[in-house]
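Written below as structure tokens is the structure these notes are about.
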Amino acid sequence: MNGTSNNLSTTTSNPGVGTTINKIGISSGHTSGKVLSTSVNKKFSDGTTVNNLTETSVKTMAGDSGGIFYSYISSSNTRLTLGIVVGGSSTKSYYSKASSINSKLGTSRY
């Protein structure tokens, strides 16, 4: 099991390219994939550009925005907070890093 039923750690992480990661979204549910790039500037169809996103091979669908990305460490049964879904498709998705969100808002996981 890759962590669909337990608590999310307050520890954030920025995994490297090739790392297996997971997402839970309201529309597509739980999906997994790999980190493709750790610093992408993505222009979305509405013309909005978001900088410093992580690009993944994780499937997303409309309605998944705001869902959580996490990585699962089986040896410690820990799910590290990675970020939130900001867009994607059936083949690629993008998330805003939890560390960037915390930095911009002056917040932390608790």
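Using a distance-only test at 3.5 Å, with no hydrogens or angles considered, a donor-acceptor pair links the side chain of Ser89 to the main chain of Lys92. Panel note: side chain Ser93, backbone Val58; a donor-acceptor pair is recorded below 3.5 Å. A donor-acceptor pair under 3.5 Å is absent between the side-chain atoms of Ser103 and the main chain of Ile101, judged by distance alone. One N or O on the side chain of Asp64 and one on the backbone of Ile26 form a donor-acceptor pair closer than 3.5 Å. Side chain of Thr12 to main chain of Ala98: no donor-acceptor pair is present (N/O by atom type, distance under 3.5 Å, no hydrogens or angles). Judged by distance alone, the side chain of Thr19 and the main-chain N or O of Gly16 form a donor-acceptor pair under 3.5 Å.
Side-chain contact, Lys34 with Thr20: a donor N or O sits under 3.5 Å from an acceptor N or O.
Of the inter-residue distances, the one linking Ser75 atom OG with Asn77 atom CG reads 9.5 Å to the nearest 0.5 angstrom. Of the inter-residue distances, the one linking Lys104 atom NZ with Ser99 atom OG reads 11.0 Å to the nearest 0.5 angstrom. Expressed to the nearest 0.5 Å, how far OG1 of Thr38 lies from CG of Asn52 amounts to 8.0 Å. Once rounded to the nearest 0.5 Å, the distance linking CD of Glu55 with OG of Ser39 reads 11.0 Å. The structure places CD1 of Ile24 at 9.0 Å from CZ of Arg79, a figure rounded to the nearest 0.5 Å.
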*Given side chain to side chain contact (heavy atoms under 4.5 Å, CB included), test Lys97 with Leu82 step by step and report yes or no.*
CA-CA 6 Å; Lys97 299 171 187 75; Leu82 303 182; over 6 Å; no
_side chain to side chain contact (heavy atoms under 4.5 Å, CB included) for Tyr94 and Val50? Distances and angles first, verdict last._
CA-CA 10 Å; Tyr94 303 87; Val50 182; over 6 Å; no
*Determine, stepwise, if the pair Ser96 / Leu53 fulfils side chain to side chain contact (heavy atoms under 4.5 Å, CB included).*
CA-CA 5 Å; Ser96 183; Leu53 297 175; 4.1 Å; yes
*Taking it one step at a time, do Asn102 and Ser108 satisfy side-chain hydrogen bond (donor to acceptor under 3.5 Å, both in side chains)?*
CA-CA 5 Å; Asn102 288 340; Ser108 63; over 6 Å; no
*Before giving the answer on side chain to side chain contact (heavy atoms under 4.5 Å, CB included), spell out for Ile21 and Val35 the whole-Å C-alpha distance, their side-chain angles and the decisive distance to 0.1 Å.*
CA-CA 7 Å; Ile21 59 172; Val35 173; 3.9 Å; yes
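Between Leu80 and Ile73, the closest side-chain pair of non-hydrogen atoms falls below 4.5 Å. The side-chain heavy atoms of Asn22 and Phe69, taken from C-beta on, include no pair separated by under 4.5 Å. Within the 4.5 Å cutoff, the side chain of Ile84 has no heavy atoms near those of the Tyr95 side chain. Residues Lys23 and Ile68 fail the side-chain proximity criterion, which asks for heavy atoms closer than 4.5 Å.
The two atoms that bring Ser27 and Gly63 nearest to each other are OG-CA, 3.5 Å, heavy atoms only. The two residues Ser76 and Thr78 make their nearest non-hydrogen contact at OG-OG1, 2.8 Å. When all heavy atoms are compared, the tightest approach of Gly87 to Ser65 is N-OG, 4.4 Å.
A cation-pi arrangement is found for Lys42 relative to Phe44, the charged atom lying closer than 6.0 Å to the ring centre and inside a 45° cone about the ring normal.
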